[in-house]
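A short worksheet on the structure shown next.
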Protein chains: 2
Amino acid sequence: MNSISLKETSYSILADIAKAIGHPHRLELLELVAQGPKSVDTLAREARMSFANTSQHLQRLKQFKLVKTKRDFTTIYYTIADDSIPMLIKYLHQTGFNLSQDFKHTLSSYRSNELIKTVSFEELESQEYILLDVREETEFNFGHRQGALNIPHTKIKSSLTKLDKSKLIVAYCRGELCSYADTVVQKLTDAGFNAVRLKDILMTKSA
Amino acid sequence: MNSISLKETSYSILADIAKAIGHPHRLELLELVAQGPKSVDTLAREARMSFANTSQHLQRLKQFKLVKTKRDFTTIYYTIADDSIPMLIKYLHQTGFNLSQDFKHTLSSYRSNELIKTVSFEELESQEYILLDVREETEFNFGHRQGALNIPHTKIKSSLTKLDKSKLIVAYCRGELCSYADTVVQKLTDAGFNAVRLKDILMTKSA
DNA sequence: TATTAATTCAACTATTCAATTGAATAGCAT
DNA sequence: ATGCTATTCAATTGAATAGTTGAATTAATA
């Protein structure tokens with residue numbers, strides 16, 4: 001193999017990976033499985049895609065080795081295949097943010113319009129706050145930010161007594177495109193809490 | 001706009017960027033323009049693509065705002081549109097390396113077979129060496145690693161007297177898929193120099 | 001104004017990708 | 001062996017992408 005065909009082969013492999021993430025559904029599926037093992041049924045529901053379409057996209061991700069599978073009796077769980085993939089998607093978000101005014105502004109103006117404040121760790125400084133992970137318990141167990149309290153977004157209303165009204169509540173979920181933290185911030189604010197959403201995007205297993 | 005359509009819009013934008021880099025030719029063109037402004041003619045020649053095809057791919061990259069253009073009389077120069085793009089491609093390389101045995105091994109076994117030693121900065125430690133940038137002078141001027149000497153790969157044979165045989169020569173070019181540094185290492189070794197290729201991949205403007 | 005250089009656009013053909021529908025498969029329990 | 005649950009596969013239709021050929025456009029020069 002000479003250096004030209006080597007170059008062509010190598011670029012083709014990289015292009016295949018980029019194509020694998022070059023569809024909105026597959027990007028979302030990857031961000032979901034990065035939070036922990038999930039079944040096809042769970043992924044289809046969370047992402048609001050048809051079952052067959054979800055399975056088709058998962059086959060493509062599997063074909064290019066971005067996901068791997070583990071069967072538990074009749075249920076097949078999909079997981080992220082390598083820790084570099086969430087990093088790659090993080091940089092894709094960064095590039096999207098830098099290149100696309102639509103990407104940059106529609107998210108922030110939506111949150112601004114809904115009166116959802118966002119905050120980064122740097123902005124929090126030494127201020128006292130409760131870090132609230134609103135993902136499912138299985139996702140929290142798979143990996144979460146240090147010091148976070150887990151209250152799944154569906155259970156927030158029935159868990160208000162667990163929270164201290166004197167402290168700032170900083171909620172996060174699966175990434176910047178996940179709206180569960182938005183919903184939680186709104187509900188907590190309505191209930192008299194001082195609640196904001198964490199800005200930092202898609203995290204690795206343990207922060 | 002509700003949160004679901006916001007999510008869909010945002011993922012579509014990110015997917016478009018991923019699709020834009022989801023072709024071997026476009027990946028190569030991006031790595032070339034990351035080294036400094038280049039004309040269509042130059043890009044077609046360097047990448048060994050037809051002129052029309054090169055132009056078509058550049059239009060697609062421009063459509064998704066990964067490149068921008070600047071006209072100098074009749075010549076149009078293409079440049080990288082944002083510094084996050086080389087970072088994104090760097091992570092794509094990392095993911096390719098982690099996921100694909102072919103990607104990981106064909107490059108290193110090719111170099112191993114051609115007796116081209118590779119070395120990283122960490123491995124160099126405090127050893128004395130000459131850092132040799134073998135790209136074109138225009139690329140070197142656009143940005144290069146600190147302390148590097150520039151001898152374009154086409155001029156290496158006529159520049160041997162510029163190099164100190166008592167020192168290790170560490171050559172680099174545009175990235176891990178660029179073979180110019182391979183060629184230079186071979187020629188220098190044949191001429192009695194102790195020459196290796198730098199491992200670290202695609203760099204930003206100034207190291 | 002005509003010519004040249006550099007580049008983009010349009011049309012065509014071939015190939016690949018995406019969503020849906022329905023069939024087939026895999027594993028487990030009875 | 002049969003039935004159930006969960007999932008994958010195959011075929012179809014339509015959309016999107018890729019490379020080539022040749023025409024058209026843009027800018028500068030004579």
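In what follows, chains are A, B, ... by sequence order, proteins preceding strands, each numbered from 1.
- Under the 4.0 Å criterion applied to side-chain N and carboxylate O atoms, A/D190 and A/K187 are not assigned as salt-bridge partners.
- No donor-acceptor distance shorter than 3.5 angstrom exists from the side chain of A/S179 to the backbone of A/D182, with no hydrogens or angles considered.
- Partner of A/R174 under the side chain to side chain donor-acceptor pair (under 3.5 Å) criterion, chosen from A/E31, A/E28, A/Q35, A/E46: A/E46.
- Side chain of B/Y172 to backbone of B/R145: a donor-acceptor contact under 3.5 angstrom is found.
- In this structure, B/D72 atom CG and C/dA6 atom C1' are separated by 12 Å, rounded to whole Å.
- Here the C1' atom of nucleotide C/dA11 and the CD atom of B/Q56 are 11 Å apart, to the nearest Å.
- Look at NZ on A/K70: it is 16 Å from P on C/dG27, rounded to the nearest Å.
- Here D/dT7 is the nucleotide among D/dT7, C/dT7, D/dG19 with the atom lying nearest to any side-chain atom of A/Y78.
- Across all strands, B/T75 comes closer than 4.0 Å only to sugar-phosphate atoms, never to a base (heavy-atom distances).
- Here the nucleotide nearest the side chain of A/I76, chosen from D/dT8, D/dT17, D/dG19, is D/dT8.
- Close to C/dT16, at under 4.0 Å from its OP1 or OP2, lies no side-chain N or O of B/H23.
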Would you tabulate the pairs of protein nitrogen or oxygen atoms and nucleotide nitrogen or oxygen atoms of nucleotides 22-27 of chain D closer than 3.5 angstrom?
none

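- Contact check on A/E136 versus A/K38 returns no salt bridge, with no Lys/Arg side-chain nitrogen under 4.0 Å from an Asp/Glu carboxylate oxygen.
- Set against C/dA18, C/dT8, D/dT17, the side chain of A/R26 has C/dA18 as its closest nucleotide.
- Closest contact between the side chain of B/D41 and the listed nucleotides D/dT7, C/dT7, D/dG19 involves C/dT7.
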